[in-house]
Amino acid sequence: MSITEPRAGTIEGLTKRGMPVTIITGFLGSGKTTLLNQILKNRQDLKVAVLVNEFGDINIDSQLLLSLEDDMLELSNGCICCTINDNLVEAVYKILERQDRIDYLVVETTGLADTLPIILTFVGTELREFTNLDSILTVVDSETFTPEHLESEIAFRQLIYGDIILLNKTDLVPEEKVEELEEYINDIKAGARVLRSQHGQVPLPLILGVELAHPETYLTDASLSKEQQSNHLANDGFVSVSFKSNRPFAVKKFQTFLQDKMPANVFRAKGILWFKESTRCHIFQLSGKRYDLKDEEWQGEPSNQLVLIGRSLNALEIHQQLNNCLTR
Ligand SMILES: Nc1nc2c(ncn2[C@@H]2O[C@H](COP(=O)(O)OP(=O)(O)OP(=O)(O)O)[C@@H](O)[C@H]2O)c(=O)[nH]1
């Protein structure tokens with residue numbers, strides 16, 4: 001299939017050939033939403049529907065995606081874990097039932113999702129008749145990724161199930177590190193298509209409509225790993241803390257929070273922030289040890305929305321600290 005040639009898009013047409021589906025997975029902060037935005041920016045005439053699943057109580061990602069009119073359908077929060085997910089099945093049906101032509105479905109999982117149950121939702125249920133799993137794409141943060149990272153079973157499984165492994169953030173590391181990563185990935189996942197990218201920029205024909213998925217293998221894996229799945233520790237010990245307020249932060253107090261107060265085990269944070277000193281909306285991103293703030297115009301009423309993700313976080317303490325950053 002060529003991604004530049006939109007197909008006849010009635011449900012009837014889709015049911016005959018199956019709507020192609022790409023699952024984008026990858027650890028927290030690796031660049032999944034950034035890649036999704038690249039896809040949406042470069043999709044040309046292709047009608048792409050998107051399903052976003054987020055860990056945490058606030059859907060920040062969906063607010064950061066390029067405008068999708070009604071095509072975007074967002075999944076409920078939480079981690080799709082361990083079992084075939086009814087919410088996901090339902091959301092896909094909603095897309096299939098749409099009147100307008102949909103050429104392609106991209107599913108972005110949370111950074112803590114176990115990939116197999118999501119795959120099985122497509123290949124192990126009646127969705128198999130209406131969809132055509134094209135590939136699993138695993139995004140890797142080339143800077144923070146180390147083999148120790150794989151102490152996280154989830155990160156390991158995301159790699160093992162990747163048909164395409166996208167080494168992202170190559171701008172942040174020397175060439176040797178990228179080569180080392182390529183070697184390492186070739187070792188643990190022979191045959192995967194390994195690509196490099198900066199800010200998710202990759203030619204779409206290399207990642208969409210590639211037909212690299214192996215449904216039969218996934219079904220075999222599912223029967224082999226049933227026990228493992230039922231014992232699977234949800235989210236690998238990661239928890240999320242969400243914070244919302246209709247009052248602005250004082251910029252200095254928030255800076256002090258970031259530098260001195262925020263627990264070191266916060267691995268990922270993202271937010272849409274309102275500072276008393278600014279009339280703009282500030283998009284906050286923290287991934288590993290890096291953070292950045294970009295500003296843009298407010299789309300609606302200003303407010304603060306922030307999600308922090310890490311292991312053993314004390315929600316009460318974090319809430320108190322963030323409350324202290326608010327202006328009176
Ligand atoms: N320097 C650099 N930064 C990047 C690149 N790709 C993404 N980022 C930044 O990394 C941060 C996380 O990117 P996201 O796309 O939100 O990551 P994600 O995988 O969707 O994150 P979760 O959904 O929380 O797991 C953001 O601040 C991005 O701007 C890259 O290639 N280079």
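All ligand and atom numbering here is 1-based and tracks the order in the structure. Positions are given from 1, in the same order as the sequence printed here.
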J.: Is the F267 to F27 ring centre distance short of 6.0 Å?
T.: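 Yes, ring centres under 6.0 Å apart.
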J.: Taking only heavy atoms of L172 into account, list the atoms of ligand 1 that are under 4.0 Å away from them.
T.: 1 (N)
J.: Can you name the closest pair of heavy atoms from T25 and K32 and give their distance?
T.: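 For T25 and K32, the tightest heavy-atom pair comes out as C-CD, 3.5 Å.
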J.: Would you say the side chain of L195 lies within less than 4.5 Å of the side chain of I165, judging by non-hydrogen atoms?
T.: no
J.: Whether E143 and R290 form a salt bridge (side-chain N of Lys/Arg under 4.0 Å from carboxylate O of Asp/Glu) is what I want to check.
T.: yes
J.: Please state which protein non-hydrogen atom is closest to atom 6 (N) of ligand 1 and give its distance, to 0.1 Å?
T.: N168 ND2, 3.0 Å
J.: Quick one: which of K169, R290, K294, Q201 has a heavy atom closest to atom 11 (C) of ligand 1?
T.: K169
J.: So which of R196, E143, K270, R268 gets nearest to atom 21 (O) of ligand 1, if we judge by its closest heavy atom?
T.: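 Comparing heavy atoms across R196, E143, K270, R268, the nearest one to atom 21 (O) of ligand 1 lies in R268.
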J.: Below the 3.5 angstrom mark, is there an N/O of G200, backbone or side chain, next to an N/O of ligand 1?
T.: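 Among all N and O atoms of G200, none is under 3.5 Å from an N or O of ligand 1.
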J.: Which atoms of ligand 1 are found less than 4.0 Å from any heavy atom of E108?
T.: 20 (O), 23 (O)
J.: Students should be able to answer this: which protein heavy-atom is nearest to atom 17 (O) of ligand 1, and at what distance?
T.: G31 N, 3.1 Å
J.: Check this for me: does any side-chain nitrogen of one of R128 and E216 sit under 4.0 Å from a carboxylate oxygen of the other?
T.: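 The answer is yes: the pair qualifies as a salt bridge.
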J.: Which ligand 1 atoms are under 4.0 Å away from a heavy-atom of Q198?
T.: 31 (O)
J.: Is L105 close to V92 at the side-chain level, that is, under 4.5 Å between some pair of heavy atoms?
T.: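 Yes; the side chains approach each other to less than 4.5 Å.
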J.: Do NZ/NE/NH1/NH2 and the carboxylate oxygens of K169 and D141 come within less than 4.0 Å?
T.: yes
J.: Any N or O of S30 that comes nearer than 3.5 Å to an N or O of ligand 1?
T.: yes
J.: Among T34, D292, T109, D171, which one puts a heavy atom closest to atom 13 (O) of ligand 1?
T.: T34
J.: Has ligand 1 got any nitrogen or oxygen that is less than 3.5 angstrom from a nitrogen or oxygen of T170?
T.: no
J.: Between the side chains of S135 and E211, does any donor sit under 3.5 Å from an acceptor?
T.: no
J.: Using a strict cut-off of 4.0 Å, indicate which atoms of ligand 1 neighbour a heavy atom of G29.
T.: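 Every atom of ligand 1 under 4.0 Å from some heavy atom of G29: 12 (C), 17 (O), 18 (P), 19 (O), 21 (O), 22 (P), 24 (O), 25 (O).
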J.: Short list, please: which atoms of ligand 1 are under 4.0 Å from a heavy atom of G111?
T.: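 The atoms of ligand 1 under 4.0 Å from a heavy atom of G111 are 25 (O).
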J.: Contact between F284 and L258 at the side-chain level, heavy atoms closer than 4.5 Å - yes or no?
T.: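 Yes; the side chains approach each other to less than 4.5 Å.
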J.: Hey, which atoms in ligand 1 end up nearer than 4.0 Å to a heavy atom of L28?
T.: 25 (O)
J.: Please work out which of K32, Q285, H199 has its closest non-hydrogen atom nearest to atom 30 (C) of ligand 1.
T.: H199
J.: Taking atom NZ of K261 as the centre, report whether more than 12 heavy atoms of other residues, nucleotides or ligands fall under 6.0 Å from it.
T.: no
